[in-house]
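First comes the structure, then the notes that go with it.
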Amino acid sequence: MRRVFVKIALFAMSLSGIFMYAPFGLSWENFRVVQPLHIVGSILIMLFFMNSFIYRHIRRYFFIKKINSPDGWFLLLAFILVTLSGLYLFLVGNRGGDIFGIISFNIHLFGSFVLAALFLWHIIKAKRQNAQPLALFVAILFSYPSVSYSKITELSLLEIEKKTGVYHSEDWTSSAKCKSCHSEIFKQWSNSNHKHMAGSNPYYMVMETLAGEVEGQEFRKWCMSCHNPSALSLGHPKTTHAMDGNLVGNEHFESGAKTLLNDFKEHGNFRVEEGVSCITCHQIKEAKSKGNASFTLSLDREKYLLEDSKYDLGRWFSEKLINANPKVHKESYSKELYKESRYCASCHDEFHPQNGIKIVSTFQEWEKSPFNNPKDKTKHKSCIDCHMTYMKDGKFAPLRGTSTDGGVIKDDVKVHYFAGSNHFLAGLRDKVHEEQTLQLLRTSAKLDVAIKDGVLEVGVKNVGAGHHLPTGVADFREMWLEVEVKDKDKKLIFSSGKLKSDGNIEEGSRLFQKVFGDENSKPVGLLFWKYKTLLSDTRIPAGERRVEKFELPKGTKKFLHVNVKLNFRIYPQWVTDAVKKVFPVLLDPNVVELASVQKEFK
C-alpha cells in the first residue's frame with residue numbers, strides 16, 4: 001500500500017508542476033493554489049516518503065534481486081535533478097539575471113516531462129508490458145516545450161522580447177520609480193489618458209467587457225494589447241477594475257496616481273500597473289505602422305546595482321549610481337524611433353483582427369496629409385510635434401526646461417499630457433490637462449458663412465489637424481454644427497444642431513463622423529467591431545474645406561443675424577448613458593465649442 005501511495009504521490013507531484021506550464025492555460029486563481037501545493041507537497045513527500053522508498057527500492061531490486069535496470073537509474077537521475085533544481089528555484093529563485101536560476105528553471109521544467117515519461121516507462125516495464133510505444137508517445141507529447149513567449153496573442157501584433165522566455169510582474173518596472181528623478185513628467189503622465197487607459201477608464205471597461213460577452217472572452221485580448229499590454233503579457237485574461245488596497249477604486253477622479261504610488265510603496269513591482277506605463281512606451285525596440293499594437297517591447301535592459309531593491313535605502317543608492325553615470329540608463333529608455341509617427345501608429349491605427357477591416361486610420365490619414373512633408377521641415381509635423389508640444393494662449397509654445405530633475409535645459413521638452421481629443425476624462429483629474437487638450441482642439445478648424453438664394457452656406461475647414469477631423473474612434477466622436485438664424489427683431493427663424501432634453505443631438509443635424517454598419521447595413525451602435533460596411537463618412541481631411549447648406553424658410557427677408565458654432569463632444573450621450581448604468585457616478589461629458597462665427601446680412 002505504501003508503494004502505491006508513493007507512486008501516486010510522485011506522479012501527482014510531476015503533474016502539478018506540468019499543469020503550471022503556460023500552454024496549459026491554468027488560470028491565476030488555480031495557479032495560486034497549485035503552486036504552493038506543488039512546492040509544499042513536493043518537500044513533504046521527499047522528506048517523509050521518497051527518500052526511504054528509494055533506499056528500500058534500490059536495496060530490494062539492485063542488491064537483493066540483482067536486477068540492474070538502466071531506465072531505473074535514469075529515473076533516479078531525473079528525480080535528483082528535478083528535486084535539486086526545484087529546491088534552487090524555491091530558495092534562490094529565477095529572476096532572469098541569474099544563470100543558475102535560468103538553468104534550474106529549464107531543468108525543472110524539462111525534467112518534469114522526462115520524469116513523468118520515465119516513471120510510466122519504468123512502472124509498465126516492471127509489469128512486463130511493452131512500454132516503449134507509450135513512453136515514446138509521452139516523451140514526444142511533453143518533452144518539447146518552447147521557451148519562446150514573444151508573441152502574446154494572435155489577436156494583436158504585440159511582441160515582447162525576454163531572454164528567459166518568462167514574464168512576471170516584476171519585469172514591468174513600476175512607473176512610480178520614475179517619479180523620483182522625473183517628477184514633472186510623472187505628474188503630467190499620471191493624470192493623462194495614457195495612464196488611465198484601462199481599469200480606471202469607465203468607457204473602456206464597459207467596452208472590453210461587452211466585447212468579451214459578445215465575441216467570447218478571448219476577444220478581450222484585442223483590446224488589451226494597446227490598452228493594457230502589461231496585464232496581457234502576464235497572461236491575465238481580462239482587465240480588472242483599478243484597486244484601492246483590497247477595494248475597487250475610483251481612479252477616474254483621482255489625480256497624481258496616488259493609488260499607483262501607494263501600491264509601489266507597499267508591494268514594489270509585484271502589483272502590475274494598468275494602462276500605458278513608462279516602460280510600455282520607453283522600452284519599445286521596434287514599431288510598425290500596421291496598428292493593433294504592432295510594436296516589439298524588450299523587458300530586458302542593463303540595470304544598475306540595487307535597482308530592483310525592495311528597500312528604500314537600496315533604491316536610493318541605485319538612484320545615486322544612475323545619476324552619477326546615467327549614460328546606460330538614458331540609452332535604454334530613449335531611442336530615435338520615438339520621434340517617428342510610425343511609433344504612435346502602432347496603436348493609433350486599428351483593424352479588425354479577424355477580417356482585416358480598417359477601423360481607425362489616423363496614421364494613414366496623416367501620411368496623405370500636407371503635414372507629412374519631410375522634404376520641407378517648415379511644413380512637416382509629426383505626431384509629437386502637435387500632441388506632445390506645450391500650448392499657451394492657443395498656440396504652440398515649446399516648453400523650455402528639463403525632463404529630468406536637475407538635468408540639462410532643453411528648448412522643447414516634450415510634455416506628457418498627450419493632448420488629443422479626450423479632454424473630458426483627463427479633466428476629471430486635472431484642469432491643466434483639460435486646458436492643454438482644449439487649446440489643441442481649438443486650433444483644428446475655422447468657419448465661414450454666406451447666404452445665397454435663400455440658402456445658408458457654412459464652410460468648415462480643417463486647418464490644424466494633420467488627419468481627418470475628427471479622427472480616432474470617429475464613430476464615437478461628435479462634431480457638429482449648431483446654427484441659429486434670427487431676424488432683425490432677434491426672433492429665431494431657423495435652428496439646427498440643438499440638444500434634446502435627453503442630451504442627444506436632434507435629428508437632421510450636420511455631424512462630421514463615421515457611421516459603421518454591419519453586413520446588413522444596419523448601424524452597429526456600441527459593437528463597433530461588427531463593422532462590415534461604411535454607412536457614411538462626413539469627416540474632413542487635413543487641409544480640406546467642407547460646405548454644409550441649410551435651406552432657410554421661404555419668405556425669409558434680409559437683415560438676418562447668423563450665429564454658427566462648431567461643437568464637439570467626446571462621447572455621444574447615448575454612449576455615456578450606457579456606461580453610467582455600470583458607473584453611475586460618472587458625469588456627462590460637456591459640449592465644447594471649437595470655433596464660431598457671427599455675421600449680419602443686410
Side-chain angles (χ1 to χ4, degrees), residues 369-371 386 391-396 419-421 423-424 434-471 474 477-500 503-514 536-570 572 589-602:
S369 79
F371 286 74
C386 291
M391 299 207 69
K392 186 177 181 180
D393 300 328
K395 297 179 180 180
F396 292 107
S421 61
H423 64 92
F424 168 62
E434 183 175 36
E435 187 57 33
Q436 285 290 307
T437 297
L438 290 176
Q439 288 189 64
L440 180 64
L441 282 170
R442 287 171 177 146
T443 66
S444 62
K446 286 186 177 180
L447 300 178
D448 61 83
V449 295
I451 295 179
K452 297 179 182 179
D453 301 323
V455 176
L456 174 65
E457 296 185 353
V458 179
V460 185
K461 185 173 183 180
N462 179 353
V463 296
H467 42 66
H468 286 20
L469 188 64
T471 190
R477 302 284 181 258
E478 286 185 325
M479 193 176 82
W480 75 100
L481 291 172
E482 182 182 344
V483 180
E484 282 188 348
V485 180
K486 296 180 180 180
D487 62 16
K488 64 178 181 178
D489 298 321
K490 305 299 182 182
K491 181 181 178 181
L492 183 68
I493 61 173
F494 177 82
S495 72
S496 176
K498 298 291 185 179
L499 295 183
K500 298 187 295 184
N504 289 294
I505 304 172
E506 64 182 1
E507 289 75 13
S509 301
R510 306 299 172 84
L511 280 81
F512 305 93
Q513 64 175 176
K514 285 193 296 187
S536 66
D537 186 354
T538 55
R539 300 172 302 147
I540 308 173
E544 295 189 13
R545 177 175 175 268
R546 178 78 47 78
V547 176
E548 293 293 329
K549 297 181 179 182
F550 301 86
E551 189 171 341
L552 299 177
K554 291 182 179 180
T556 299
K557 299 179 180 180
K558 295 184 178 180
F559 304 105
L560 299 176
H561 181 81
V562 176
N563 183 16
V564 181
K565 299 176 183 178
L566 180 64
N567 290 337
F568 177 78
R569 184 162 59 179
I570 190 63
N590 55 313
V591 175
V592 176
E593 181 183 307
L594 300 188
S596 64
V597 59
Q598 296 85 33
K599 191 172 182 178
E600 289 187 350
F601 293 88
K602 299 180 180 180

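Only heavy atoms go into these numbers, but all of them, side chains included; no hydrogens, no water, no symmetry mates. Residues: numbered from 1 along the sequence shown.
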>> Do F550 and V483 make a side-chain contact, defined as non-hydrogen atoms from C-beta onward lying under 4.5 Å apart?
In response: yes
> Looking only at heavy atoms, what is the nearest atom pair of P370 and A542, with distance?
Replying inline: CD-O, 3.9 Å
> If you take all heavy atoms of V463 and T443, which pair is closest and at what distance?
Replying inline: CG2-O, 3.6 Å
> Within 45 degrees of the axis of the six-membered ring of F512 and under 6.0 Å from its centre: does R546 put its NZ or CZ there?
Replying inline: no
> How about K549: does its NZ atom have over 12 heavy atoms from other parts shown lying under 6.0 Å from it?
Replying inline: no
>> Any carboxylate oxygen within less than 4.0 angstrom of a Lys/Arg side-chain nitrogen, looking at E484 and K565?
In response: no
> Is the closest side-chain heavy-atom distance between L440 and Q436 below 4.5 Å?
Replying inline: no
> Under 3.5 Å, side chain of D489 to main-chain N/O of K491, donor-acceptor pair present?
Replying inline: no
>> Testing the 3.5 Å rule here: is there a donor-acceptor pair between the side chains of E593 and S596?
In response: yes
>> With a 6.0 Å cut-off (strictly less than), is the heavy-atom count around NZ of K498, excluding the residue itself, greater than 12?
In response: yes
> How about F601: does its CZ atom have over 12 heavy atoms from other parts shown lying under 6.0 Å from it?
Replying inline: yes
>> To the nearest 0.5 Å, what is the distance between CD1 on I505 and CZ on R510?
In response: 13.5 Å
> With a 4.5 Å heavy-atom cut-off, do Q439 and T437 have their side chains touching?
Replying inline: no
>> Measuring from atom CG of L511 to atom CZ of R569, what distance do you get when rounded to the nearest 0.5 angstrom?
In response: 9.5 Å
> Counting distance only, does the side-chain N/O of T538 pair as donor-acceptor with the main-chain N or O of Q513 below 3.5 Å?
Replying inline: yes
> How far apart are the closest heavy atoms of G508 and S496, and which atoms are they?
Replying inline: O-OG, 4.2 Å
> What pair of heavy atoms forms the shortest contact from P470 to M479, and how long is it?
Replying inline: CD-CE, 4.1 Å
>> Is there a side-chain contact between I493 and T556 in this structure, where contact means two heavy atoms from C-beta onward sitting under 4.5 Å apart?
In response: yes
>> Under 4.0 Å between a side-chain nitrogen and a carboxylate oxygen: does that hold for D448 and K599?
In response: no
> Rounded to the nearest 0.5 Å, how far apart are NE2 of H423 and CD of E434?
Replying inline: 6.5 Å
>> Please give me the minimum heavy-atom distance between L594 and R442, naming the atom from each residue.
In response: O-CG, 3.7 Å
>> If I take atom CZ from residue F568 and atom OG from residue S444, how far apart are they, to the nearest 0.5 angstrom?
In response: 8.5 Å
>> A quick test of your reading: do over 12 heavy atoms of other residues, nucleotides or ligands sit less than 6.0 Å from CD of E457?
In response: yes
> Going from NZ on K461 to CG on L469, what distance comes out if it is rounded to the nearest 0.5 angstrom?
Replying inline: 13.0 Å
> Side-chain contact, heavy-atom cut-off 4.5 Å: S421 with R477?
Replying inline: yes
>> side chain to side chain donor-acceptor pair (under 3.5 Å), that's the test. Do N462 and E544 meet it? Break it down for me.
In response: CA-CA 6 Å; N462 179 353; E544 295 189 13; over 6 Å; no
> For G497, does its backbone N or O pair with a side-chain atom of W480 as donor and acceptor, under 3.5 Å?
Replying inline: yes
>> For a quick test of reading the model, state the closest non-hydrogen atom pair linking F494 to P553 and the distance between them.
In response: CB-CD, 4.2 Å
> So do N590 and V592 actually touch side chain to side chain, heavy atoms under 4.5 Å?
Replying inline: yes
> Could you give the distance from OG (S509) to CD (E548), rounded to the nearest 0.5 Å?
Replying inline: 11.0 Å
> Are side-chain heavy atoms of L560 and I451 found at a separation under 4.5 Å?
Replying inline: yes
> Any salt bridge between D537 and R539, counting N to O under 4.0 Å?
Replying inline: yes
>> With heavy-atom distances below 4.5 Å as the criterion, would you say the side chains of L481 and L566 are in contact?
In response: yes
